[in-house]
Amino acid sequence: MVKFSVIREHEIQAGHRVYGHMGNCGNLHGHSYVFQFHCTNNNLDDLGMVVDFAVIKSTLCKWLDDNYDHRMILWENDPLAHELVKFDPSVVIVPYNPTAENIAQHLLMVVAPEILQGTKIQLTKVTIRETAKCSAICEV
Ligand SMILES: [Zn+2]
C-alpha cells in the first residue's frame, strides 16, 4: 500500500526569546521563520490529490498570518510577556517556551486538529527553519 503526503511551505516574520536560555536565544530577537506543513490523507481525492494546496494555505498558513506573523511570541511564564503586552497588545503570550520545537508541537497537536476538523487531511509533521542552518521538526 502506498502512502502520499504533500508539503506546503510558508514564511512569517516573528520575534521571540527562549526564557531561561543563558546565550543569545535568551535575548529578544526575531526570525524569518519558514514552516513546512506535511499533510496526508487516507485517500487521494477525485483529482488525484492528497489535498489542494489552497486548503493548506487557507487553514494552516492563514492561521500563522493571523496569529504569529509580525508579532512577538513570549511564554506566559516569562515575566517580560506581561509587562510588554501592556505597551503593545500585539504581543502573543503562549503556554510554552517559544522554541522552534515547541512552536512546531503546538501547531501539530493543538492548532491543526482544531482548524483541520471536518477536513480529511491530517498534519503529520511540522518543520520550522529559524535560520538557514537551524531547523526543528515535530512529527507524529
Ligand atoms: Zn530565536
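These numbers come from the heavy atoms of this one structure, side chains and all, not from hydrogens, waters or symmetry mates. Counting starts at 1 for both ligands and their atoms, following the listed order. Since the model is a prediction, treat every value here as computed from it, not as a measurement.
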- Message: Does either side chain, that of H16 or that of Y68, offer a donor lying less than 3.5 Å from an acceptor on the other one?
- Response: no
- Hey, what do you get for CG (D65) to NE2 (H70), rounding to the nearest 0.5 Å? 10.0 Å
- Give a yes-or-no answer on whether the side chains of T40 and Q122 include a donor-acceptor pair shorter than 3.5 Å. no
- Message: Could you tell me if the side chain of C61 sits less than 4.5 Å from the side chain of F37, heavy atoms only?
- Response: yes
- Grab the two heavy atoms, one from G15 and one from M72, that are nearest each other, plus how far apart they are. C-SD, 3.4 Å
- Query: If you measure only the distance, is there a donor-acceptor pair under 3.5 Å linking the side chains of D88 and S90?
  - Reply: yes
- Protein N/O/S neighbour count - the Zn ion (ligand 1), strictly under 2.8 Å: 3
